[in-house]
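As structure tokens, the structure follows; a few thoughts come after it.
The shown structure was predicted, so the numbers you read here are calculated from the model rather than taken from an experiment. When a residue number appears, it is its place in the shown sequence, counting from 1.
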Amino acid sequence: MTTLNLQSLQHDPLIQSLQRYQEIFWFKPERYSIDVGLAQVGLTLQDVEDAEARLSRFAPYLAQVFPETRRTFGKIESELVHIPTMQKTLSEPLQREQSGAWYLKKDSHLPISGSIKARGGIYEVLAHAEKLALQAGILKLDDDYRQLDSDKAREFFQDYQIAVGSTGNLGLSIGIMSAQLGFRVSVHMSADARQWKKDKLRALGVNVVEYASDYGVAVEEGRKVAEQDPNCFFIDDENSTTLFLGYAVAGLRLKQQLIEQQVQVDADHPLFVYLPCGVGGGPGGVTFGLKLAFGEHVHCIFAEPTHSPCMLLGIYTGLHDQIAVNDIGIDNKTVADGLAVGRPSGFVGRAMEKLIDAYYSIDDQRLFNLIALLNQTENIQLEPSAVAGMMGPIHIHNQPEYLELHQISMRQLAQATHIVWATGGGMVPQDEMQKYLSLGI
Ligand SMILES: *Cc1c(COP(=O)(O)O)cnc(C)c1O
């Protein structure tokens, strides 16, 4: 980032709004065809289907070692539920019959680790374990993977280490899965990480390394330590296509889920999906899967805290991971710990910029208010990061320029399906949840 660039940014009205921590909504003024968007990703439907097949190979093993996945036969999947009371309350200012149908995608309650990271994080650990076991000849592709639940397999994985940097939930997912397989595992936690997540990991024998600084530093330090051990595999949240593909599987599965619930998606029934964004891998991967599944009929909108709008900044400036929110004087301090990321993934921003339809930022206090409101109206408990998508439908109704760009009529909008992607909260301890709820007004 040159000083010249930074100086010209100081006069940009959108940058000035970000610097004042205002809530904003932004989208690129161009509309790209779905083919152009998908071609830029560098990954294909085949890659996502391979990921789904790998998860299926592991499903019997997962069902055996994590009883909470037995109900779904070892498939790590979440419910899609109606939130009519929340919709009614939040959409009061709109004409109700126009507000479409609102759903919550409860990744917050995914088995094993209670957040969206149970998709990408666990998938990458499984992919790595499979690769090592195949290479060593202790596993074949058509074997029953339940044999990995044995002392022999665990002793094998003991020789290998896995490391990751995290604000909490990724560390939780990777720590739990790696420890279960028998890996040695180190989780490098940023200052944002909640104490209960560190305690839980330590109880499983995970090496938790704590940093007083933010996510970027935890990742960098984790990477450095990992490089010193040739048997250590560093899971790179900022650049990993494996993580990304683990998330992308969700998009294909959502298609099936909507068919089962008889929800139509086409030009007259657009689908809007609102995704909380940290470094970008989770929402980016899910968006890739959704675009493969629904093409131009799905609109994917990213939500970030006003204090950490890193993806918005990276895409808006075209600088991706070459700019961090601190560069324009934003502090990256937010109650939404899962989204407390100051510098976006360079891979996701560059690969996905023509597929992500819009971006908005949301104030911390509003996150608390939404958590409290969702608890009152639907009796669903989420962590602050996880409700960031909840303002999405309201934004879309107030954006005539967006609707015009995509040629969506009011009639079509009234028939739309809105999915708020709830990304975490299922494992938050009771007392911690009460604290969150008490902060809402
Ligand atoms: C990690 C996380 C996200 C965002 O995922 P990224 O891959 O960091 O963009 C959203 N919500 C919660 C609760 C998370 O833990």
Side-chain angles (χ1 to χ4, degrees), residues 108 110 112-122 124-125 128 161-181 183-229 232-240 243 276-282 305 307-308 310 324-326 331-345 364 383-386 423-429 431-433 435-436:
S108 47
L110 277 173
I112 304 177
S113 62
S115 82
I116 189 172
K117 305 297 193 311
R119 296 185 185 277
I122 288 177
E124 180 146 17
V125 173
H128 183 60
Q161 200 187 146
I162 288 183
V164 67
S166 171
T167 62
N169 287 335
L170 185 64
L172 206 55
S173 296
I174 283 170
I176 293 172
M177 191 65 247
S178 305
Q180 180 65 48
L181 280 158
F183 284 110
R184 286 175 294 130
V185 49
S186 296
V187 174
H188 299 261
M189 289 284 208
S190 67
D192 316 280
R194 314 298 302 165
Q195 190 59 43
W196 66 267
K197 294 179 185 172
K198 300 179 210 170
D199 295 344
K200 187 160 181 74
L201 285 173
R202 288 197 171 114
L204 291 170
V206 172
N207 174 32
V208 178
V209 190
E210 299 182 59
Y211 296 89
S213 0
D214 78 0
Y215 166 85
V217 175
V219 172
E220 252 349 281
E221 292 302 312
R223 198 192 306 270
K224 267 190 229 155
V225 177
E227 274 165 7
Q228 290 158 14
D229 176 356
C232 183
F233 178 62
F234 181 71
I235 294 188
D236 187 350
D237 194 18
E238 292 171 325
N239 297 293
S240 168
L243 264 178
C277 177
V279 73
H307 286 254
S308 313
C310 67
V325 298
N326 309 96
D331 62 11
N332 189 28
K333 287 194 165 57
T334 170
V335 295
D337 42 273
L339 313 178
V341 177
R343 188 184 299 278
S345 158
D364 275 18
E383 63 182 88
S385 302
T423 45
M427 285 174 65
V428 176
D431 53 338
E432 187 105 352
M433 186 57 76
K435 262 185 247 158
Y436 285 152

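Looking only at atom types and distance, the side chain of E383 has no donor-acceptor partner in the side chain of S108 under 3.5 Å away. A side-chain donor-acceptor contact under 3.5 Å links D237 and Y215. No side-chain donor from either of S190 and D214 sits under 3.5 Å from a side-chain acceptor of the other. Side-chain contact of N332 with S308: a donor-acceptor pair under 3.5 Å is present, judged by distance alone.
Taking 4.5 Å as the limit, some side-chain heavy atom of V208 sits within range of a side-chain heavy atom of E210. Residues S178 and Q180 fail the side-chain proximity criterion, which asks for heavy atoms closer than 4.5 Å. Side chains of V185 and Q161 form no contact here, defined as non-hydrogen atoms less than 4.5 Å apart. With contacts defined as side-chain heavy-atom distances shorter than 4.5 Å, the pair I162/H128 qualifies. Inter-residue side-chain proximity for T167 and V279 is flagged as unmet; no heavy-atom pair is nearer than 4.5 Å. Proximity of T423 to P276: side-chain heavy atoms (C-beta onward) are separated by under 4.5 Å at one or more points. K200 is listed as a side-chain neighbour of M427, based on a closest heavy-atom distance under 4.5 Å. Contact annotation: the side chain of V335 never approaches that of Y436 to less than 4.5 Å [non-hydrogen atoms, C-beta and beyond].
Note: I122 CD1 to E124 CD = 12.5 Å, rounded to the nearest 0.5 Å. We find the NZ-OG distance between K197 and S173 to be 9.5 Å, quoted to the nearest 0.5 Å. One finds the CD1 atom of I112 at 8.0 Å from the CD1 atom of I176 (value rounded to the nearest 0.5 Å).
Closest of all the heavy-atom pairs between A226 and A163 is CB-CB, 4.2 Å. In plain terms, the two heavy atoms of G165 and F234 that are nearest each other are N-CE1, 4.1 Å. Considering all non-hydrogen atoms of both residues, M189 and L201 come closest at CE-CD1, 3.7 Å. Among all heavy-atom pairs drawn from V206 and A179, the shortest one is CG2-CB, 4.3 Å. In plain terms, the two heavy atoms of L110 and I116 that are nearest each other are CD1-CA, 4.1 Å. Nearest heavy atoms, D364 versus K333: OD2-O, 4.2 Å.
With sequence neighbours excluded, the residues forming a side chain to side chain donor-acceptor pair (under 3.5 Å) with D236 are R223, N239, listed by chain and number.
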V209 vs N207, side chain to side chain contact (heavy atoms under 4.5 Å, CB included): CA-CA, chis, key distance, verdict: CA-CA 6 Å; V209 190; N207 174 32; 4.0 Å; yes
CA sep, side-chain torsions, deciding dist, call: V219, H188, side chain to side chain contact (heavy atoms under 4.5 Å, CB included): CA-CA 7 Å; V219 172; H188 299 261; over 6 Å; no
Intermediate values then yes/no, salt bridge (charged side-chain N to carboxylate O under 4.0 Å, His left out), E227 and K224: CA-CA 5 Å; E227 274 165 7; K224 267 190 229 155; over 6 Å; no
Pair L181-V125, side chain to side chain contact (heavy atoms under 4.5 Å, CB included): steps then yes or no: CA-CA 9 Å; L181 280 158; V125 173; 3.8 Å; yes
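A donor-acceptor pair under 3.5 Å is absent between the side-chain atoms of S113 and the main chain of L172, judged by distance alone.
In the displayed structure, K198 atom NZ is contacted under 6.0 Å by more than 12 heavy atoms of other residues, nucleotides or ligands.
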